2 protein chains.
Amino acid sequence: MVGTRKFNEEKVLDIAVDVFSRKGFNATTMLDLAEETGVQRGSLYNAYQNKNVLFFKAFSHYTDNFLMFIEKELQNSDAKKAFTQLLKTVVERLCNDKEVRGCFSTRAIMEAAQKCPDIQLCLTRFLDGLEVIMKNRLEQAIKDKQFIGDAQATARYLVALTRGIAVIERVYNDKDRMTEVYQTALEYMPFKQVL
Amino acid sequence: MVGTRKFNEEKVLDIAVDVFSRKGFNATTMLDLAEETGVQRGSLYNAYQNKNVLFFKAFSHYTDNFLMFIEKELQNSDAKKAFTQLLKTVVERLCNDKEVRGCFSTRAIMEAAQKCPDIQLCLTRFLDGLEVIMKNRLEQAIKDKQFIGDAQATARYLVALTRGIAVIERVYNDKDRMTEVYQTALEYMPFKQVL
DNA sequence: ATTATTTTTGACAAGTATGTCAAAGATGAC
DNA sequence: GTCATCTTTGACATACTTGTCAAAAATAAT
């Protein structure tokens, strides 16, 4: 390539995620993004065609990271502990002050998706990914006799639950309440203790 | 009163809820609202001071209706059936084509709340209301020996679950999936069959 | 019927956001 | 070092949104 891009795309996308998280899709302007990334508005228009595309790239970047991150949390050999750890981490990420983002994807769903079919697709890919990760772990748990139930249905149920917890974060901003929710859910799930 | 308002406030709020539901808070302009309600923009500014206030009124109107509506669904004397009916109705409302709104409150949470503390308050009131309705029914169920568990924690858990289902609607727009989610949840809950 | 009061109307000004473009600046390939 | 090619920059035109206001219209109370 000849005229090389000056700005660090990785960084720009990270910052974009942050800005979109704070202000929401519609309320974020290209000027906001330019100011916070330090990249001129014109450059952003040159690199991405418009806000939709930029958002799409930023969102994909975010969800890819998130899924990779979350998968590691299910490694505990005890299924119930594994899912407890997963949900604990989800809650922690949602409440993390530094990344004050609440749930980026939930906001995206509510705002950006209807304006851009690509984003809608990207969202289903994300939740499908989350579902698969959990389904696989549940199937393992069934093999290990640590869980009795339908892995597929339960995974979908858990995906919904994590979305619900993300909403609770927005309304109450109360980590204890979020913790209570997932603990109640886990208590009710048909895990079996293997001694 | 002397100079009487011409437009029907009830109708305007209903339409406003509809418009906000479709476009979202930020993307809805006062002009949109004026056009769809048939009330001039100036009139809206006169009656409500700005979009925030108008939204607040519309939102309160919506949640009041919703809570009254939902409470009736828990009347079945069998607790599990009562909650099944409740969740079924929630899903049906979310998927109702005529009111194509998805979940108005979830959108509100994600968009409007951060701009207006009043709306944030209104939202917690709404979810608190939902929680109380479910908690009361659960306490009854405990008395009736139809449920064993913590009514408070379970109510909060169920509130989160309904929020999650609302998000699922937005992403997948698939009633069967939503039904599967609440059925899985209910299956896992410690209801007792009373013969 | 008149009055006092409020709503309605349409126009206006100010501010904000978008998308485009030509000129200037960089840089890898040769 | 020169060239070809892409990026950066800042300015521009366009469009949209908001909020305000004065004049006109409407109406309940007297």
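Everything quoted here is computed from the prediction, not taken from an experiment. Protein chains get the first letters and strands the later ones, always in sequence-line order, with residue 1 at the start of each.
- Place A:G42 and A:A27 on DNA chain C by their nearest nucleotides, and A:A27 ends up nearer the 5' end.
- Across the protein-nucleic acid pair, B:F25 atom CZ and D:dT17 atom P stand 14 Å apart, rounded to whole Å.
- Atom CG of A:N26 and atom C1' of D:dT17 are 14 Å apart (whole Å).
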task = Kindly indicate, with the supporting measurements, whether the criterion side-chain hydrogen bond (donor to acceptor under 3.5 Å, both in side chains) is fulfilled by A:Q85 and A:T89.
result = CA-CA 6 Å; A:Q85 178 60 35; A:T89 303; 3.2 Å; yes

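- Here C:dT20 presents its C1' atom at 15 Å from CG of A:L44, a figure rounded to the nearest Å.
- A 4.5 Å side-chain heavy-atom check between A:V181 and A:L161 finds at least one atom pair inside the cut-off.
- Look at B:E35 and B:R41 and you find no salt bridge, because none of the NZ, NE, NH1 or NH2 atoms lies under 4.0 Å from a carboxylate O.
- For the pair A:R22 and A:E36, the salt-bridge criterion is met [side-chain N within less than 4.0 Å of a carboxylate O].
- With sequence neighbours left out, A:T154 forms a side chain to side chain donor-acceptor pair (under 3.5 Å) with B:Y188.
- Taking only distance into account, the side chain of A:R41 never meets the base of D:dG10 through a donor-acceptor pair shorter than 3.5 Å.
- Rounded to an integer number of Å, the gap from A:Q40 CD to C:dA26 P is 14 Å.
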key: Worked verdict on B:E131 versus A:R177 for salt bridge (Lys or Arg N to Asp or Glu O under 4.0 Å)   = CA-CA 13 Å; B:E131 181 184 312; A:R177 182 184 289 252; 3.1 Å; yes

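- Contact check of residues 29-39 of chain B against DNA chain D (heavy atom, cut-off under 4.0 Å) returns B:T29, B:M30.
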ask   = Do B:R107 and A:E111 pass the salt bridge (Lys or Arg N to Asp or Glu O under 4.0 Å) test, and can you show the C-alpha distance, the side-chain angles, and the key distance before you say yes or no?
value = CA-CA 8 Å; B:R107 276 202 93 150; A:E111 278 203 81; over 6 Å; no

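- Distances from the side chain of A:N46 to the nucleotides D:dT8, C:dT20, D:dT9 place D:dT8 closest.
- DNA chain D lies under 4.0 Å from no heavy atom of any residue of residues 48-57 of chain A.
- Atoms NZ (A:K6) and P (D:dT8) sit 7 Å apart, rounded to a whole Å.
- Residue A:L31 is not grouped with residue A:V39 when hydrophobic side chains (ILVMFWY) are merged at heavy-atom distances under 4.5 angstrom, including chains of intermediate members.
- Distance from the side chain of B:Y45 is smallest to D:dG19 among D:dG19, C:dG10, D:dT9.
- Checking each of B:D174, B:N173, B:V171 against A:T124 for a side-chain contact (heavy atoms from CB on, under 4.5 Å) leaves exactly one that passes, namely B:V171.
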